[in-house]
Amino acid sequence: MKKFDPSTGIHDYLVFGEFGDVNPSITDSSTFTFHNPEKMEEVFDHEIEGCFLYSRHWNPINKYLSNALARLEDTESAQVTSSGMGAISSTILDICSAGDEVISGRTVYGGTYALLKNFLPKLGITTKFTDIKNTAGVESLINDKTKIIYAESISNPLLEVTDIPALSAIAKKYGIKLIIDNTFSPMILSPSRLGADIVVHSMTKYINGSSDCVAGCICSSNDFIHTLTDINAGATMLLGPVLDSFRAASILKNLHTLHIRIKKHGENALFLATEFEKLGLKVFYPGLKSNKDHDLLKSLMNEGFGYGGMLALDVKSYENASRVMTRMQEEKVGYLAVSLGYFKTLFSSPGHSTSSEISEEEQQKMGLSDGLIRFSIGIDNDITLAFERIKKCLKEINFL
Ligand code: PLP
């Protein structure tokens with residue numbers, strides 16, 4: 001039987017498995033045995049590679065998946081969690097204490113916005129929301145209490161691209177942490193290479209890619225992941241957002257097709273965005289040359305993975321959006337559903353769903369129109385069919 005060998009690294013495990021199986025075995029255990037009490041005490045004192053204590057802390061399959069994610073994001077280490085919000089909340093709570101402040105982009109996922117705006121103030125942690133693209137404005141908000149700059153690599157739902165290197169320079173200047181949520185752009189952007197200290201994901205989305213579970217991850221330095229998992233004070237250890245090991249195993253298998261899926265999502269989204277633009281529609285997609293963030297994305301992205309599968313279309317009113325989404329679902333373009341990264345196309349009206357936690361006033365400041373439809377474009381083999389169907393639906397509601 002092959003034992004853990006740190007010199008070979010996790011990649012060998014992912015390729016060969018422990019028993020010669022191509023997929024690593026699923027950990028079906030909440031607790032682990034020790035040869036003697038002394039060894040158990042040692043593991044309580046400090047983590048020993050290859051030794052496991054209790055599954056809320058670590059277990060082999062969560063370790064495999066975490067190590068694969070660290071490779072994906074090019075960080076020293078990573079930890080998986082039971083949701084994206086579990087990853088985000090644990091990260092913030094590990095860094096901040098009562099009295100501390102966060103500076104966050106205004107155009108973040110509604111749940112993150114609600115956590116920062118409504119929940120964390122109960123613990124004395126407050127947030128200043130700002131236009132994250134205005135880096136001078138971000139810097140002007142920093143004071144002694146600021147601990148975190150928080151942003152999404154490509155923002156939700158307007159798909160604005162964050163200038164990660166510029167934010168990183170500011171964070172480093174003041175000794176604060178830059179957290180980037182890279183949910184919309186795995187493989188396309190590598191925030192840690194661009195200067196982020198911590199990268200979080202909702203793995204519920206592209207990384208898993210089949211909309212059959214909720215999961216998250218935190219990718220960062222060895223030190224930070226050790227802090228999170230510290231038995232006496234770590235946020236993930238003590239708050240307990242542990243990912244179930246059966247789920248970790250299935251996500252790990254899906255992770256291996258991420259590069260192909262991301263390319264196809266991006267290819268299809270670029271096709272649709274280009275066709276929508278030709279029809280004179282107001283479309284938000286950073287892959288379009290006409291998009292204000294196109295050059296920035298080109299300068300930051302990893303070549304060969306496209307510009308992402310998310311696009312937004314403004315059909316001017318909520319009534320238009322509702323009618324066309326209902327028809328698109330009937331025409332089998334995809335599903336009227338929140339979330340993203342699924343192999344089929346999903347669409348929803350962000351102002352009335354995923355961003356509804358954000359007040360109308362803030363939505364206006366963000367430029368979030370009531371008629372905005374957010375699409376997560378699927379990996380359809382023939383996307384021209386979807387385009388013809390969408391065009392038909394837009395004509396039927398007299399929008400074309
Ligand atoms: N970050 C982004 C960008 C999201 O879109 C979401 C969920 O929609 C989350 C975080 C939260 O993730 P989860 O639903 O897995 O908790």
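Note that the structure is predicted; figures quoted are calculated from it, not measured. Just follow the structure's listing: the first ligand is 1, and inside any ligand the first atom is 1. Counting begins at 1 with the first residue of the sequence.
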Next on the checklist: Looking at H46, I want to see if its NE2 is surrounded by more than 12 non-hydrogen atoms of other residues, nucleotides or ligands under 6.0 Å.
Outcome noted: yes
Next on the checklist: Show the atoms of ligand 1 that are less than 4.0 angstrom away from any heavy atom in N156.
Outcome noted: 5 (O)
Checklist entry - Quick one: does M85 get an N or O within less than 3.5 Å of an N or O on ligand 1? => result yes
Next on the checklist: Looking only at protein heavy atoms, which one is nearest to atom 11 (C) of ligand 1, and what is the separation?
Outcome noted: Y109 CE2, 3.5 Å
Item to check | Contact atoms of ligand 1, heavy-atom distance to V214 under 4.0 Å | outcome: 15 (O)
Checklist entry - Hey, does A215 sit under 4.0 Å from ligand 1 if you only count heavy atoms? => result yes
Next on the checklist: Any donor-acceptor pair under 3.5 Å linking the side-chain atoms of T227 with those of D230?
Outcome noted: no
Next on the checklist: Could you tell me, atom by atom, which parts of ligand 1 come under 4.0 Å of a heavy atom of T204?
Outcome noted: 13 (P), 15 (O)
Next on the checklist: Whether the side chain of R261 engages the backbone of Y206 through a donor-acceptor N/O pair (distance < 3.5 Å, no angle test) should be reported.
Outcome noted: yes
Checklist entry - Which of the numbered atoms in ligand 1 are below 4.0 angstrom from a heavy atom of G84? => result 12 (O), 13 (P), 15 (O), 16 (O)
Next on the checklist: I'd like to check whether E152 has a polar contact with ligand 1, where a contact means an N/O of the residue lying under 3.5 Å from an N/O of the ligand.
Outcome noted: no
Checklist entry - Judged by modelled atom types alone, do N62 and T27 share a side-chain donor-acceptor pair under 3.5 Å? => result no
Checklist entry - Ring centroid separation for H265 and F343, is it under 6.0 angstrom? => result no
Item to check | Heavy-atom gap I88 to ligand 1 smaller than 4.0 Å | outcome: yes
Checklist entry - So does E160 pair up with K292, basic N to acidic O under 4.0 Å? => result yes
Item to check | Which of the ligand 1 atoms, numbered from 1, are nearer than 4.0 Å to a heavy atom of S83 | outcome: 15 (O), 16 (O)
Next on the checklist: Salt bridge check, D212 against R247: does any charged N sit closer than 4.0 Å to a carboxylate O?
Outcome noted: yes
Checklist entry - At what distance is the nearest protein heavy atom to atom 10 (C) of ligand 1, and which residue and atom is it? => result D181 OD2, 3.5 Å
Item to check | Cationic N near anionic O, under 4.0 Å, K392 to E388 | outcome: no
Checklist entry - At the 4.0 Å heavy-atom cut-off, does K205 count as touching ligand 1? => result yes
